[in-house]
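All chains are named by letter (A, B, ...) in the order of the sequence lines, taking the proteins before the strands, and each is independently numbered beginning at 1. Here the structure is a predicted model, which is why all the values come from computation and not from measurement.
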Amino acid sequence: MLNLHDTATGSIRPIAPEGAPVVSMYVCGPTVYDLPHLGHGRYVLVWDIARRVLLATGHDVRFVSNITDIDDNIINRATEEGRSEAEVAAEFEERWFEALDALSVLRPTEVPHATAYVEEMVALIGRLMDRGVAYRTSDGVYLDVSAVGDYGLLAGQPLDQLRAGARIVTIDEKRSPLDFVLWKDAKDGEPSWDAPFGAGRPGWHTECVVMSLNLLGEGFDLHTGGQDLKFPHHENERAQAVADGKVFANHWAHSGWVMVGAEKMSKSLKNFTSLTDLLATHDARAYRLLCVQSHYRAPLEVTAETIAAAEAALLRLDNLARRLDVPELPAGPVVLASHGVDPDAVSAFVTALEDDLDTPRAFAQVATLVSAANTAADDGDLQGAQALAWTVAVLLGVLGIRLRATTDVDEDAAALAASRDAARAAKDWSEADRLRGALEALGYIVEDRGGATTLHR
RNA sequence: GGUGGCGUGGGAGAGCGGCCGAAUCCAACAGCCUGCAAAGCUGUACAGCCCCCGGUUCAAAUCCGGGCGCCACCUCCA
C-alpha cells in the first residue's frame, strides 16, 4: 500500500488499509478563470502519479477532482470581458483539460462542478445554522470556528495562535477573524441561487466538503492538494464537516511548490509560466520527468535549464526504445502484474514509490536498468537487452511516461536518407556528410544503425 | 509573534544511524566504438567529510541541542 506523509499527524502512513478494494482520493481542482500554470501542472502530475502507483499495484481508485466554476475571480473576468461567468468557466475548463491531456494525466473518475452542488451546499449551511455554529452577518453566513474543537489541526497550531498571527485586517461583524464565509449574499449582476437564508452564492470552502462526502462518502481515504490549500482551505473544509458531525478525510497529503529563482510561483507575484506555453514548446513528458526527478513535497526549481536537462534525460530513454525496438505501451494506466517483467526490478521500484512516493529513487532504479540494457546490447545479448528495455518501458509507464521508438519521417527526408545510404555504400564520404547536413538542417538527428541512416527528432 | 519546510558535487536531486569517500539525471573531460559523427559503453574530474558549532553513539550527511541562511503559511493562491 502507498504510504504518504499525512499533514494531520505529521507522519508517513498508509493511505488506506492493505486490503482495501477501492482507494478513494479527492484532489482539489482548479478555479477556472485563467490558463493553468506550472504550479498547477506539478500538483496534477504528482497526484496522477500517486493514482497510477495504486493502479499499478492492483488497486482500484476512485479519483474525484472538482472544478470551481463560480467565484470572485470568475465573476471579475466575466465582467471585464463582458460575457457570462458560465462562458468564462467553460472556456478555461476546456483549456485545463487540454493541458492535462497533453501531460497524459488520467481523467478523474468524477469531475463535480460547484454549481451543480449548490442545493447540497445550501442544505449543509442550513444544518450548520440550525446547530448554531453558523451565523448571519449583513453580507452572508459565516462559520464560527470556535465551535470546532480541534480547529487548527492541519495548520499545526491551535486557534488562539492562528488568531494571534492573523493578517486579516478587515473588521467586520465576524466573531473571530478566522471565521469564514459559507454563503455570500447576492449582489446585483452576479449569479445567485435561492436559499432559506437569503439568495446568494457559496463560499469557496463549502463546495469541496459537499462534493467529496457526496461522491466518496464519510471517512474517504485521501484528500490532497497543493501546500497552500492546507490552510485555510482544507482546514475550513474539515471544520464544516466536523461541525456537521461528519467523519471527513482519513489522510491529508500536500504537494510542494514550483519555484522560480527563490520564490514560489504564483499568480500574485506574476512570475508564472502558463502550462499552455510550456507545452507549446516542449515535450510534455519532459515536464513530467522533471517532476518525477524531485520529491513531491520538496520545492521544485523550474527554469529553462532544468527543463532542458529533463529533455536530455528523456532523449536517452527514447534512444533506448529506438535502439531495441521497444513496443509502445498502450495508453492508459499500467498494471504491473500483467506485464511479466523482472520481479526484483519491480519490487525495488514499487518499494521506493510506496515509501512516500519517492519518485526520484524509483527513477534512479530505472536509470540503472537503462545502462544495463545498453550494455547487454553492446555485448550482443539482444534478447537480454530487450527484456531489460521492456522493463524500463513498463516501469516508466507506471510513472505515466511512455517511450517513443519511432518518429514520423517525411518523404523528402526519407529520400535523403536513402541517398545517403547509397553514398555511404559507395564510400563517398563527402556526399554522405553533405546529406547528413541536409537532414540535420531539416531538424532530424541522424544516427547510423547497422549501416542504415536512422532519423529522429 | 506563531507554524511548517529547506540548506548534499558545476546544475538538478536521492540517501535520514554503519553497506556513504555518498544513488540517479544533466553538463564537462578522456578512451573505446564509428569512414567521420551520432547513439552507446568505459573511465576521470567535480561533495577532503553532506550550512556552522556543540553533544549522544563503538559508529552520524543521517539522532539531540544551539546558531546562521533561505522559502512558505497564519488573506485569495496548486
Side-chain angles (χ1 to χ4, degrees), chain A residues 7 10 27-31 36-44 46-47 71-73 152 154-158 160-170 177-178 180 204 224-233 235 254-259 261-269 272 289-290 292-295 297-303 305-320 322-323 352 358-368 370-371 373-379 424 427-430 432-433 436-437 440 445-449 451 453-454 456:
Chain A
T7 306
V27 180
C28 275
T31 301
H37 63 65
L38 299 184
H40 297 105
R42 159 122 108 150
Y43 93 82
V44 156
V46 164
W47 303 120
D71 104 311
D72 290 347
N73 290 313
L154 297 176
Q157 47 190 337
D160 54 338
Q161 278 180 17
L162 281 167
R163 187 181 285 125
R167 284 181 285 166
I168 307 165
V169 288
T170 45
L178 294 165
F180 58 92
W204 178 39
T224 76
Q227 289 282 1
D228 52 356
L229 261 35
K230 206 189 286 183
F231 191 94
H233 183 54
E235 190 74 57
H254 295 95
S255 52
W257 301 124
V258 168
M259 306 295 287
E263 282 182 323
K264 166 191 172 188
M265 175 176 288
S266 75
K267 279 280 164 67
S268 50
L269 292 171
F272 61 91
L289 183 57
L290 181 58
V292 160
Q293 286 190 283
S294 83
H295 187 82
R297 285 194 285 132
L300 173 64
E301 189 76 39
V302 181
T303 62
E305 288 72 33
T306 60
I307 292 172
E311 284 187 303
L314 185 62
L315 184 60
R316 174 174 153 86
L317 300 173
D318 279 343
N319 281 339
L320 178 72
R322 240 187 316 275
R323 178 179 191 185
D358 196 343
T359 52
R361 209 166 92 210
F363 180 73
Q365 301 282 348
V366 176
T368 60
V370 173
S371 293
N374 276 314
T375 300
D378 283 352
D379 293 347
R424 291 186 70 226
K427 296 195 192 300
D428 183 352
W429 306 129
S430 63
D433 289 348
R436 176 164 58 203
E440 285 170 350
I445 294 170
V446 180
E447 292 173 15
D448 295 342
R449 279 197 209 295
T453 296
T454 308
H456 66 274

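Centre separation under 5.5 Å together with a plane angle under 30° does not hold for the ring of A/Y43 and the six-membered base ring of B/A78, so they are not marked as stacked.
Of all the heavy atoms in A/L162 and A/A155, the pair that sits closest is CD2-CB, 3.9 Å. Shown here for A/R42 and A/W257, the closest heavy-atom pair between the two residues is NH2-O, 3.0 Å. Among all heavy-atom pairs drawn from A/A352 and A/R361, the shortest one is CA-NH2, 3.5 Å. Here the closest heavy-atom approach between residue A/L290 and residue A/T306 is recorded as CD1-O, 3.7 Å.
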**Asked** Once each nucleotide of nucleotides 37-42 of chain B is scored for protein heavy atoms under 4.0 Å, what B/S/- sequence comes out, 5' to 3'?
**Response** BBSSS-

**Message:** How would you summarise protein contacts on nucleotides 2-11 of chain B per nucleotide, using B for base, S for sugar-phosphate only and - for none, with heavy-atom distances below 4.0 Å?
**Reply:** BSS-------

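In this view, A/D378 and A/R323 satisfy the salt bridge (charged side-chain N to carboxylate O under 4.0 Å, His left out) rule, not counting sequence neighbours. Applying the salt bridge (charged side-chain N to carboxylate O under 4.0 Å, His left out) criterion to A/E447, with sequence neighbours excluded, gives A/R449.
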I'd like a list of close polar pairs between nucleotides 45-47 of chain B and the protein, N/O only, cut-off under 3.5 Å.
none

Pick out the pairs of N or O atoms, protein on one side and nucleotides 16-22 of chain B on the other, that lie under 3.5 Å.
none

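Distance check, rounded to the nearest 0.5 Å: CZ of A/R322 to NE2 of A/H456 gives 4.0 Å.
A donor atom on one side chain and an acceptor atom on the other are not found under 3.5 Å apart for A/N319 and A/R316.
Using a 4.0 Å cut-off between charged side-chain N and carboxylate O, A/D433 and A/R436 make a salt bridge.
Taking only distance into account, the side chain of A/D433 meets the base of B/G35 through a donor-acceptor pair shorter than 3.5 Å.
Nucleotides B/G40 and B/C25 have their P atoms positioned 11 Å apart, rounded to a whole Å.
In this structure, A/A364 and A/G225 both approach RNA chain B, and ranking their closest nucleotides by distance from the 5' end singles out A/A364.
Distance, A/E235 CD to B/C74 P: 12 Å, rounded to whole Å. Spacing between atom CG of A/D358 and atom C1' of B/A14 amounts to 7 Å, rounded to whole angstrom units.
Nucleic acid contact class of A/G256 (heavy atoms, under 4.0 Å, all strands): base. Within 4.0 Å of A/P232, counting heavy atoms only, lie sugar-phosphate atoms of the nucleic acid but no base atom. Nucleic acid contact class of A/H295 (heavy atoms, under 4.0 Å, all strands): sugar-phosphate only.
Picking from B/G35, B/A72, B/U24 the nucleotide with the shortest atom distance to the side chain of A/T368 gives B/U24.
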